Engineer: 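Starting off with a structure, shown below.
A, B, ... follow the sequence lines: proteins, then strands. Residue 1 opens every chain. Hydrogens, waters and symmetry mates are skipped; everything else that's a heavy atom, side chains included, is used. On a predicted model such as this, the values are computed, not experimentally measured, just so you know.
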There are 4 protein chains.
Amino acid sequence: MEDVQNRAPEVALDIDRVGVRGLRLPLRVRDRAGGSQTTVASADLGVELPSARKGTHMSRLVEALEDWDEGLDRHSVERLLESVRRRLDARRAWVRFAFPYFVRKNAPARGDAAPLAYDCAVTSELDDSGQVFILDLAVPVMTVCPCSKAISREGAHSQRALVRIRARISGFVWLEELIELAEAAGSSAVYTLLKREDEKFVTEQAFARPAFVEDVVRATASALEGHPRVTGFTVEVESMESIHNHNAFARIERDPGP
Amino acid sequence: MEDVQNRAPEVALDIDRVGVRGLRLPLRVRDRAGGSQTTVASADLGVELPSARKGTHMSRLVEALEDWDEGLDRHSVERLLESVRRRLDARRAWVRFAFPYFVRKNAPARGDAAPLAYDCAVTSELDDSGQVFILDLAVPVMTVCPCSKAISREGAHSQRALVRIRARISGFVWLEELIELAEAAGSSAVYTLLKREDEKFVTEQAFARPAFVEDVVRATASALEGHPRVTGFTVEVESMESIHNHNAFARIERDPGP
Amino acid sequence: MEDVQNRAPEVALDIDRVGVRGLRLPLRVRDRAGGSQTTVASADLGVELPSARKGTHMSRLVEALEDWDEGLDRHSVERLLESVRRRLDARRAWVRFAFPYFVRKNAPARGDAAPLAYDCAVTSELDDSGQVFILDLAVPVMTVCPCSKAISREGAHSQRALVRIRARISGFVWLEELIELAEAAGSSAVYTLLKREDEKFVTEQAFARPAFVEDVVRATASALEGHPRVTGFTVEVESMESIHNHNAFARIERDPGP
Amino acid sequence: MEDVQNRAPEVALDIDRVGVRGLRLPLRVRDRAGGSQTTVASADLGVELPSARKGTHMSRLVEALEDWDEGLDRHSVERLLESVRRRLDARRAWVRFAFPYFVRKNAPARGDAAPLAYDCAVTSELDDSGQVFILDLAVPVMTVCPCSKAISREGAHSQRALVRIRARISGFVWLEELIELAEAAGSSAVYTLLKREDEKFVTEQAFARPAFVEDVVRATASALEGHPRVTGFTVEVESMESIHNHNAFARIERDPGP
């Protein structure tokens with residue numbers, strides 16, 4: 001059968017990235033508490049394609065994923081990308097795994113534990129100049145509005161907000177480290193299992209630490225600036241304002257890379 | 001050219017509904033304040049298909065929509081469905097238009113106006129026994145947690161919640177009527193444009209009227225039971241709890257129909 | 001601390017269902033090939049609430065889930081719902097787990113295996129009259145248009161379509177059984193890993209079996225009618241028509257239940 | 001009442017962008033065929049915030065939108081951003097409007113017209129160095145697989161694909177210009193209303209012009225490179241492969257800007 005992909009293309013342009021998207025698979029991820037956890041990922045995987053080739057061989061990307069029987073970490077991802085470069089004779093390979101990551105969190109007063117899901121992603125690119133490794137996280141927090149609190153006789157509006165971090169990493173960083181610095185930046189962390197004593201604790205703590213999206217994005221950015229293995233980042237905070245049907249957001253970028 | 005749709009099917013089963021889905025189009029909708037407004041809808045349109053026919057003629061559904069040059073109301077929808085029945089020789093026709101509906105809302109203290117979008121849908125079915133006409137609305141409100149307020153020294157968690165109404169209608173009902181009864185059931189309505197005096201007002205009003213999802217669903221259901229032209233309904237309230245990463249919901253059904 | 005939930009409500013209406021929604025957790029599911037697989041679920045869990053009580057105790061729902069350390073099947077779900085009824089003193093309890101379910105599929109010509117994710121859900125309700133148990137599946141297939149094929153000199157448009165099954169189950173049914181009958185109803189199954197020989201096979205098989213959404217929904221419904229442990233169902237087929245920017249759909253209901 | 005936003009922040013970092021997101025509103029857009037059309041947009045609007053200020057005044061952003069009573073084009077957006085800079089005393093302002101844009105398309109054989117919705121966005125940023133103006137479009141097309149066609153005795157798999165263009169613009173460009181060059185790059189355009197003669201035409205034309213995602217992205221990129229008022233772009237093509245449950249994609253970037 002003809003290898004149509006090896007024909008010459010009609011338009012001779014390099015393609016930055018070509019591959020498969022949204023391929024779902026079970027995935028093991030390193031986990032600070034338990035060593036590893038099994039979750040489910042949506043994978044995007046691709047290569048650079050030079051101007052002389054009409055098409056890439058998509059099935060080899062799927063074979064590379066299928067043969068890659070490792071838990072997800074920086075080094076295993078590097079091996080996956082090496083295998084992709086070799087199988088497809090590509091100068092550069094790229095992958096993104098998006099997955100929920102579970103942390104068992106203890107309620108702040110009674111201490112009961114239950115899992116909380118954080119939407120995370122690992123993105124990595126490899127060529128002869130080395131490996132880029134990026135972590136994405138969406139960390140839910142609670143925010144209490146400082147303005148509403150200051151001007152109202154009683155109460156203040158609060159809401160769930162998402163702290164979205166995109167961090168370029170050198171060396172090794174636990175997802176939990178980034179989760180914790182985002183949670184520390186909100187009025188309170190959120191929890192899966194709260195009994196009444198815990199709900200009282202969370203409410204009072206949150207009202208003692210009111211924070212605008214501006215405050216949360218700055219505190220998170222400041223913590224990321226101080227992290228020795230974060231070499232660049234974007235932080236965006238988006239709060240589902242309880243007094244509006246739209247959201248508020250704030251964003252700080254510091255050398256976020258490609 | 002052969003009319004393949006008119007062949008006999010391999011499996012002779014009646015099909016309850018067959019047609020097109022997700023066809024987007026501009027749409028005029030009747031509007032209590034301004035007479036009418038232009039919005040954008042996603043339309044689903046279909047017919048019953050008897051067991052003797054292999055396929056329906058999808059393009060005639062699109063032609064019926066295209067020739068239907070009317071604003072959306074109960075009677076214009078009936079004419080659309082009549083036209084569909086005639087063009088496709090169908091016993092029963094069915095349509096659903098989903099669209100954002102805009103209401104200019106005045107802030108509660110200063111009175112400044114700005115639009116708020118409510119996700120709505122009109123669903124209707126027509127056969128020889130008559131027309132079914134259903135309104136769907138998702139009305140955002142604010143809720144303040146009564147438990148959190150009662151047990152905490154200060155504050156109470158609040159959040160945005162959605163009141164989803166599905167109401168079978170006899171006669172004519174403004175979307176605004178259903179919006180207003182849902183908004184009255186929450187701790188507060190939400191607004192697009194709030195200056196400081198308004199934010200103070202909303203916060204204080206909401207904290208004076210704490211409400212669980214259970215309270216909101218009951219108040220909405222009770223108001224719908226009292227509405228003379230609502231002949232059946234489902235109400236569901238879902239609140240994006242600010243202390244959790246999951247939601248709370250409550251649901252009451254009263255003869256919601258097909 | 002006061003148990004605010006036990007106050008009398010302002011509006012004394014029974015609530016059909018109240019609880020938590022979108023709580024994500026790792027989940028083990030029975031699996032025909034491997035005994036069990038670990039996946040990730042989004043859980044909704046609730047109870048009926050009588051008119052005399054202001055609120056339910058949401059944290060007990062989370063505790064019931066947290067203490068339920070079992071793989072998902074009909075009997076373990078019954079035990080979860082019994083535990084919920086007991087903890088919340090409820091007449092009726094209800095749960096829904098939505099999760100991707102992975103089946104390793106062999107390519108049709110060369111036989112290489114790779115996982116394919118099917119979006120599934122288990123819904124169950126329990127009261128004194130017994131347990132309702134419902135399976136939902138979304139099975140992707142390929143469809144080739146019979147009309148396009150009959151009228152064109154060459155080719156025919158094809159597309160990915162989803163066969164959505166909702167089946168009430170008595171006794172035990174593997175998810176794989178329902179997947180297989182949906183895949184058999186399309187022009188071809190879809191696969192994750194196809195080499196050239198496989199792509200040729202799939203293309204030729206699909207073009208030898210053109211099918212409208214009407215054909216697919218009828219073949220699936222007919223197979224479900226013949227299944228001894230399916231006591232009612234809805235089937236809906238939706239195809240992402242490659243010649244349009246909207247979809248085609250067809251739907252058959254047979255005693256689908258609550 | 002205190003202006004809490006004017007307090008000094010705890011962490012003195014500049015914020016790149018802070019504002020409102022997901023605010024929906026009716027919007028008039030310039031339209032090559034009809035002068036203008038009314039559609040519905042989701043707006044994000046924000047400003048840079050210097051390190052000395054704790055918070056921005058979100059309500060002034062909403063007021064600026066509310067007072068901006070113009071159809072959407074490059075110059076009206078510049079006036080909106082000027083007004084935002086002035087009202088919030090900001091060095092830089094930024095806006096994004098996302099909206100469906102309707103084009104009435106004539107079927108290729110019989111010529112019947114019906115609207116097709118394209119998801120578009122206008123993004124613009126303004127500071128003392130001038131205005132950046134970016135158009136985003138998602139253009140659906142049909143692709144027929146060249147490999148499947150070459151190796152199969154009969155047929156070839158086809159599918160709907162999206163051509164996503166992000167183009168930095170100098171001067172004036174109609175959305176229709178970018179739509180047309182994307183549609184010309186696929187195996188065929190897609191249509192809302194196709195009678196049998198049209199379906200035959202589209203099928204035969206598409207099978208005469210098979211195209212990988214690589215071919216489509218290169219043809220689109222080449223056309224954008226030749227456009228005199230496109231100063232940089234990203235093109236991404238994603239096809240919903242009818243033989244898989246995942247997608248294929250290809251991406252070319254040329255100086256896409258911020």
Side-chain angles (χ1 to χ4, degrees), chain A residues 1-5 7 9-24 42-44 46 49 51 53-56 58 62 145-151 210-215 217-219 221-222 225 234 236-238 240-241 244-254, chain D residues 1-5 7 9-24 42-44 46 49 51 53-56 58 62 145-151 185 210-215 217-219 221-222 225 234 236-238 241 244-254:
Chain A
M1 277 184 284
E2 190 199 341
D3 187 346
V4 181
Q5 281 80 356
R7 289 184 196 164
E10 289 186 38
V11 176
L13 285 178
D14 292 340
I15 296 181
D16 295 296
R17 203 176 280 165
V18 53
V20 294
R21 178 174 288 171
L23 197 159
R24 290 191 291 169
S42 175
D44 305 345
L49 188 73
S51 62
R53 290 195 208 161
K54 181 175 174 70
T56 195
M58 302 269 182
V62 181
C145 177
C147 171
S148 171
K149 190 181 174 203
I151 64 180
F212 288 131
V213 287
E214 292 93 326
D215 296 312
V217 81
R218 279 168 165 151
S222 174
E225 284 183 339
T234 304
E236 191 171 87
V237 179
E238 180 167 356
M240 292 167 271
E241 299 287 288
H244 297 302
N245 199 27
H246 59 261
N247 296 345
F249 80 98
R251 177 185 180 93
I252 293 178
E253 283 193 9
R254 291 295 179 267
Chain D
M1 279 183 283
E2 189 197 341
D3 187 347
V4 181
Q5 282 80 356
R7 289 184 196 165
E10 290 187 36
V11 177
L13 285 178
D14 291 341
I15 296 181
D16 294 296
R17 202 177 281 164
V18 53
V20 295
R21 177 174 288 171
L23 196 160
R24 291 191 291 169
S42 174
D44 306 345
L49 188 72
S51 61
R53 289 195 208 160
K54 181 175 174 71
T56 195
M58 302 270 182
V62 181
C145 177
C147 172
S148 171
K149 189 181 174 202
I151 64 180
F212 288 130
V213 286
E214 291 94 326
D215 296 312
V217 81
R218 279 168 166 150
S222 174
E225 284 182 340
T234 303
E236 192 171 86
V237 179
E238 180 166 357
E241 299 287 288
H244 297 301
N245 199 26
H246 59 260
N247 296 346
F249 80 99
R251 176 184 180 93
I252 293 179
E253 283 193 9
R254 290 296 179 268

Engineer: Heavy atoms only, distances under 4.5 angstrom: which of R251(A), E236(A), R21(A) has the most pairs with chain D? Name it, please.
Structural biologist: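 Counting heavy-atom pairs under 4.5 Å, the top option is R21(A).
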Engineer: Let's test your reading of the structure: which of I151(D), V62(D), V217(D), D3(D) forms the most heavy-atom pairs below 4.5 Å with chain A?
Structural biologist: I151(D)
Engineer: If you round to the nearest 0.5 Å, how far is CG of D14(D) from OG of S51(D)?
Structural biologist: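 It comes to 4.5 Å.
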Engineer: Assess whether a salt bridge exists between R254(D) and D16(A), defined as any Lys/Arg side-chain N lying under 4.0 Å from an Asp/Glu carboxylate O.
Structural biologist: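 A salt bridge is present here (some side-chain N lies under 4.0 Å from a carboxylate O).
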Engineer: Which one of E253(D), E238(D), M1(D) has the most heavy-atom pairs closer than 4.5 Å to chain A?
Structural biologist: E238(D)
Engineer: When only pairs under 4.5 Å are counted, which of H246(A), R218(A), R17(A) shares the most heavy-atom pairs with chain D?
Structural biologist: R218(A)
Engineer: For E241(D), which atoms come within 4.5 Å of any heavy atom of chain A: side chain, backbone, both, or neither?
Structural biologist: neither
Engineer: For a 4.5 angstrom cut-off between non-hydrogen side-chain atoms, does D215(D) reach P146(D)?
Structural biologist: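 Yes. Closest side-chain heavy atoms under 4.5 Å.
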Engineer: Looking at L49(D), V213(D), V237(D), which one has more heavy-atom pairs under 4.5 Å with chain A than the rest?
Structural biologist: L49(D)
Engineer: Using heavy-atom distances under 4.5 Å, tell me whether T56(A) contacts chain D through its side chain, its backbone, both, or neither.
Structural biologist: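 Both the backbone and the side chain of T56(A) come within 4.5 Å of chain D.
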Engineer: Looking at M58(D), R24(D), E10(D), which has the largest count of heavy-atom pairs under 4.5 Å with chain A?
Structural biologist: M58(D)
Engineer: Below 4.5 Å from any heavy atom of chain A, which atoms of V20(D) appear? Answer side chain, backbone, both or neither.
Structural biologist: both
Engineer: Which pair of non-hydrogen atoms, one from A250(D) and one from I15(A), has the smallest distance, and what is that distance?
Structural biologist: CB-CG2, 4.2 Å
Engineer: Tell me, out of C147(D), A150(D), G22(D), who's got the most heavy-atom pairs with chain A below 4.5 Å.
Structural biologist: C147(D)
Engineer: Any side-chain heavy-atom pair from F212(A) and V18(D) closer than 4.5 angstrom?
Structural biologist: no
Engineer: For F249(D), is it the side chain, the backbone, both or neither that has a heavy atom under 4.5 Å from a heavy atom of chain A?
Structural biologist: both
Engineer: List the atom of C145(A), the atom of P210(A), and the distance in Å for their closest heavy-atom pair.
Structural biologist: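 Scanning both residues, the minimum pair turns out to be C-CB, 4.3 Å.
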Engineer: Is it the backbone or the side chain of R7(D) that comes under 4.5 Å from a heavy atom of chain A, or both, or neither?
Structural biologist: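 Contact with chain A involves the side chain of R7(D) alone.
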Engineer: Between G19(A), S222(A), P9(A), G55(A), which has the largest tally of heavy atom pairs under 4.5 Å with chain D?
Structural biologist: G19(A)
Engineer: Given the options E2(D), R53(D), E214(D), which has more heavy-atom pairs under 4.5 Å with chain A than any of the others?
Structural biologist: E214(D)
